[in-house]
Amino acid sequence: MQAVLSSDYSFAQFRFLERLLLVHGRWSYLRMCKFLRYFFYKNFTFTFVHFWYAFFCGFSAQTVYDEWFITLYNLVYTALPVLGMSLFDQDVNDTWSFQHPNLYVPGQLNQYFSKTAFFKCALHSVYSSVVLFFIPYAAMYDTVRDDGRDIADYQSFALLAQTCLVITVCIQLCLDMSYWTAVNQFFVWGSLAMYFVVTFSMYSNGTHINFPASFPFIGTARNSLNQPNVWLTILLTSILCVLPVVAYRFLLIQLRPTINDKVGTLTNHTGFCS
Amino acid sequence: MMAPSYNAKEEDGHQPGATGHGGAGTMTNKKPDNTAFKQQRLPAWQPILTAGTVLPAFFVIGLIFIPIGVGLFVTSNNIKEFEIDYTGVDMSSPCYNCSQSYSWNNTQSCTCSVHFSLDQPFESNVFMYYGLSNFYQNHRRYVKSRDDSQLNGDKTSLQSPSKECEPYRSSDKPIAPCGAIANSLFNDTLELYYIDPNGSRTAIPLVKKGIAWWTDKHVKFRNPSGNNNLTVVFQGTSKPVNWRKPVFELDPLDSDNNGFINEDFIVWMRTAALPTFRKLYCIIQKKPNNMTPTLPRGEYILEVTYNYPVRSFDGRKRMILSTISWMGGKNPFLGIAYITVGSVCFCLGLVLLSIHYRYGKRNNSAEISS
């Protein structure tokens with residue numbers, strides 16, 4: 001009894017051990033590593049953009065994004081999706097996990113989150129931050145709206161950069177998830193919708209009239225998100241961030257398929273999805 | 001010692017019956033619910049990056065991006081733009097004397113005339129911008145240095161501006177509008193004249209209204225209420241240090257453009273994101289009959305009242321004339337970027353297709369060796 005009370009897991013029969021290791025243990029390792037890699041990626045990307053902006057703002061530590069966005073980014077816009085992935089993700093379902101015990105090997109070899117994996121994640125973040133800053137920079141350089149007025153102002157640029165970031169990290173999460181339940185879908189699209197809802201309501205007339213100093217971005221969302229070249233910039237940035245990842249992963253599956261890939265392909269071919 | 005309620009022969013998941021000895025009365029069932037949610041059996045879609053999804057996606061993206069890029073590039077090329085730097089850096093430039101002789105105590109404005117010619121006529125509405133280079137409107141201390149409550153017409157903030165405006169918060173009296181952004185308001189005056197082939201000058205009418213965002217002009221910036229006479233409303237405040245006239249004299253003839261809601265002031269207060277930027281100065285309306293171009297080909301003179309010093313920080317001032325399209329001003333970057341990304345995507349699709357045919361099929365066997 002004392003052993004049970006002081007242990008992380010306890011079970012009554014030895015045959016439960018197989019399920020604990022091969023299914024739950026493996027899933028737990030997978031989820032933890034995916035969560036960590038993605039969390040580092042989204043926060044490094046978010047931060048490295050400021051590094052590039054420093055060269056253009058006199059190294060004065062001016063933030064690229066709105067202060068409210070910085071507060072709400074980890075709290076509201078990207079919290080639930082990554083939580084959903086770390087709770088529900090499965091690369092291979094439980095029956096197939098029993099049939100192919102060598103799926104457990106990557107965990108033993110520490111392959112999913114090692115120094116190499118972390119370094120690759122950081123490299124990916126650097127690339128994403130370059131795209132996320134320099135594409136909007138070049139698109140907004142000396143540009144104006146379609147009625148001739150300003151769009152290269154700080155607030156519009158901040159809104160553009162943050163919208164690109166949120167959409168890109170959402171697409172990246174969709175690529176990382178291998179098990180799309182209804183709950184996951186709701187979390188991801190709900191968070192994205194929440195971003196637009198919160199942004200529009202914070203940048204509305206009412207909030208500014210009541211709290212002028214706290215919500216100075218009034219009118220920015222309306223005036224810049226109705227411009228076609230803003231949306232074209234967002235589309236280009238998101239696709240450019242994500243395409244190399246897709247190409248790289250596809251190449252790996254073709255040239256060096258792991259056991260997970262092979263089992264995954266089998267799963268698809270026989271239509272055995274729970 | 002084995003827990004009394006368990007029986008080795010028991011089936012997995014069955015509730016222990018009355019065979020458990022030592023158990024008191026009814027047993028609580030600690031088994032989790034056999035629902036899809038709790039047993040992680042939720043119906044789900046498991047997408048896999050197969051050749052059947054990835055390769056068509058690459059080709060489709062390539063085929064969509066290239067026409068978009070071509071459209072953007074062609075549109076940008078059709079926009080006419082003319083830019084002229086009038087800082088007066090070279091000794092040969094017309095504004096050299098003005099740039100050298102600047103002093104803060106000047107009551108006499110320096111004027112200079114810059115000649116230029118347009119090779120092509122400009123149709124439809126033409127927008128005149130002033131551009132600044134090496135001017136960091138995005139410096140953090142500069143961006144913070146404003147009081148949005150005061151600019152929104154709040155009477156308390158008018159008399160006691162925010163601390164963020166330091167050191168431009170008060171000089172013997174509170175400054176309205178306070179802060180470094182307002183203090184550095186661009187105050188050059190630009191006028192445009194067309195020179196007929198027979199030598200006579202015609203002034204080109206410049207419209208100075210409708211240059212700021214509607215939300216800025218009508219919601220964000222408001223004059224303090226209480227009196228139609230702005231001189232009375234702004235009593236007890238002083239003008240910013242580097243201004244020549246106070247805020248209620250920015251446009252005394254037009255009460256809709258005076259005080260905080262002056263459109264030049266609003267445009268300046270919308271700080272730029274990058275150190276090289278342009279701001280709308282005025283609009284040259286198209287002619288009522290669509291026959292004559294707004295700005296015909298020929299010689300022009302730009303008369304500059306040179307009030308704004310930029311030489312000290314190696315900045316540059318320029319005047320830009322530009323037409324507009326659905327994608328805004330002339331910026332070929334998006335068009336070129338779309339064409340590049342589209343072609344790279346298409347080529348990558350071809351490369352991946354060849355790799356898939358050579359190597360992919362070989363690995364796609366049903367055998368999974370351990």
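Predicted model, so just to flag it, every value in this text is computed and none were measured. Proteins get letters first, then strands, A, B, ... in listed order; numbering begins at 1 in each.
Taken to the nearest 0.5 Å, the CG atom of Leu348(B) stands 7.5 Å off from the CG atom of Leu251(A). For the atom pair CD1 (Ile355(B)) and CD (Gln254(A)), the distance works out to 8.5 Å, reported to the nearest 0.5 Å. To the nearest 0.5 Å, the span separating CZ on Arg41(B) from OG1 on Thr181(A) amounts to 14.5 Å. Here the CG atom belonging to Asn138(B) is positioned 10.0 Å from the CZ atom belonging to Phe56(A), to the nearest 0.5 angstrom. Once rounded to the nearest 0.5 Å, the distance linking CZ of Phe333(B) with OG1 of Thr143(A) reads 10.0 Å. Here the CG atom belonging to Asp94(A) is positioned 8.5 Å from the CD atom belonging to Gln40(B), to the nearest 0.5 angstrom.
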**Message:** Set out, in order, the CA-CA distance, both residues' side-chain angles and the distance that settles salt bridge (Lys or Arg N to Asp or Glu O under 4.0 Å) for Asp142(A) and Arg318(B), then state yes or no.
**Reply:** CA-CA 12 Å; Asp142(A) 263 354; Arg318(B) 51 194 207 283; 3.1 Å; yes
**Prompt:** Can Asp148(B) and Phe215(A) be said to form a side chain to side chain contact (heavy atoms under 4.5 Å, CB included), step by step?
**Reply:** CA-CA 9 Å; Asp148(B) 285 307; Phe215(A) 296 98; over 6 Å; no
**Message:** Assess the residue pair Asp147(A) and Ile324(B) against the criterion (side chain to side chain contact (heavy atoms under 4.5 Å, CB included)); give the C-alpha distance rounded to whole Å, side-chain angles, the decisive distance to 0.1 Å, and a yes or no.
**Reply:** CA-CA 7 Å; Asp147(A) 56 5; Ile324(B) 292 292; over 6 Å; no
**Request:** Could you please spell out the steps behind the salt bridge (Lys or Arg N to Asp or Glu O under 4.0 Å) verdict for Arg270(B) and Asp153(A)?
**Result:** CA-CA 6 Å; Arg270(B) 182 151 281 285; Asp153(A) 60 295; 2.6 Å; yes
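For Tyr137(A), the parts sitting under 4.5 Å from any heavy atom of chain B are the backbone and the side chain alike. Using a 4.5 Å cut-off between heavy atoms, Val183(A) contacts chain B through its side chain alone, with no backbone atom that close. With a threshold of 4.5 angstrom between heavy atoms, Ala213(A) approaches chain B through its backbone and through its side chain. Only the backbone of Ser325(B) comes within less than 4.5 Å of a heavy atom of chain A; no side-chain atom from C-beta onward does. At a 4.5 Å heavy-atom cutoff, the contact between Ile61(B) and chain A is made by side-chain atoms alone. Asn184(A) does not touch chain B: none of its heavy atoms, backbone or side chain, sits under 4.5 Å away. At a 4.5 Å heavy-atom cutoff, Ala36(B) makes no contact with chain A through either its backbone or its side chain. The parts of Phe250(A) that come within reach of chain B are both its backbone and its side chain, each placing non-hydrogen atoms under 4.5 angstrom from that chain. Interface residue Leu243(A): backbone and side-chain heavy atoms are both found under 4.5 Å from chain B. Of the two parts of Phe211(A), neither the backbone nor the side chain holds a non-hydrogen atom closer than 4.5 Å to a non-hydrogen atom of chain B. Contact of Ile239(A) with chain B is made through the side chain alone, with heavy-atom distances under 4.5 Å. Of the atoms belonging to Asp261(A), not a single heavy atom falls under 4.5 Å from chain B. In this structure, chain A has a heavy atom under 4.5 Å from the side chain of Ile68(B), while its backbone stays farther away. Heavy-atom distances place the side chain of Phe127(B), and not its backbone, under 4.5 Å from chain A. Heavy atoms closer than 4.5 Å to chain B are found nowhere in Val23(A), neither backbone nor side chain. Both the backbone and the side chain of Leu49(B) come within less than 4.5 Å of a heavy atom in chain A.
Heavy atoms only, all atoms of each residue included: Ala273(B) and Tyr53(A) are closest at O-OH, 2.8 Å. Across all non-hydrogen atoms, the minimal contact from Ile48(B) to Thr265(A) is CD1-N, 3.9 Å. Of all the heavy atoms in Asn152(B) and Pro212(A), the pair that sits closest is ND2-CG, 3.9 Å.
Most heavy-atom pairs under 4.5 Å with chain B, from the set Ala139(A), Gly148(A), Gly219(A): that is Gly148(A). Interface summary for chain B: among Phe157(A), Trp180(A), Tyr154(A), the most heavy-atom pairs under 4.5 angstrom belong to Trp180(A). Annotation: maximal heavy-atom pairing with chain B below 4.5 Å, among Leu240(A), Asn229(A), Val105(A), Leu232(A), occurs at Leu232(A). Residue with the most contacts toward chain A among Ala337(B), Gly131(B), Ser149(B): Ser149(B) (heavy-atom pairs, distance under 4.5 Å). Considering only heavy-atom pairs separated by less than 4.5 Å from chain A, the leading option among Asp147(B), Ile283(B), Val54(B), Thr323(B) is Val54(B). Interface remark: of the candidates Gln227(A), Gln155(A), Arg249(A), Met140(A), Gln155(A) forms the most heavy-atom pairs closer than 4.5 Å to chain B. Contact count against chain A (heavy-atom pairs under 4.5 Å) is highest for Trp213(B) among Trp213(B), Tyr129(B), Tyr136(B). Note on His218(B), Lys220(B), Met327(B): by heavy-atom pairs under 4.5 Å with chain A, the leading option is Lys220(B).
Summarising the local packing, CH2 of Trp326(B) is surrounded by more than 12 heavy atoms from other residues, nucleotides or ligands at distances under 6.0 Å. At most 12 non-hydrogen atoms from other residues, nucleotides or ligands lie less than 6.0 angstrom from CZ of Phe186(A). For Phe11(A), the CZ atom is densely surrounded, since the number of other residues' heavy atoms within 6.0 Å is greater than 12. When the shell of 6.0 Å around CZ of Phe73(B) is examined, it contains 12 or fewer heavy atoms from other residues, nucleotides or ligands. The neighbour count for Phe313(B) CZ, taken as heavy atoms of other residues, nucleotides or ligands under 6.0 Å away, is above 12.
Of the possible donor and acceptor atoms, one in the side chain of Arg149(A) sits under 3.5 Å from a partner among the backbone N and O of Gly210(B). Between the side chain of Asn331(B) and the backbone N or O of Val144(A), no donor-acceptor pair lies under 3.5 Å. A side-chain donor-acceptor contact under 3.5 Å links Tyr179(A) to the backbone of Leu42(B).
Within the 4.5 Å cutoff, no side-chain heavy atoms of Leu280(B) are placed close to those of Asp150(A).
Between Phe37(B) and Phe88(A), the gap from one ring centroid to the other is short of 6.0 Å.
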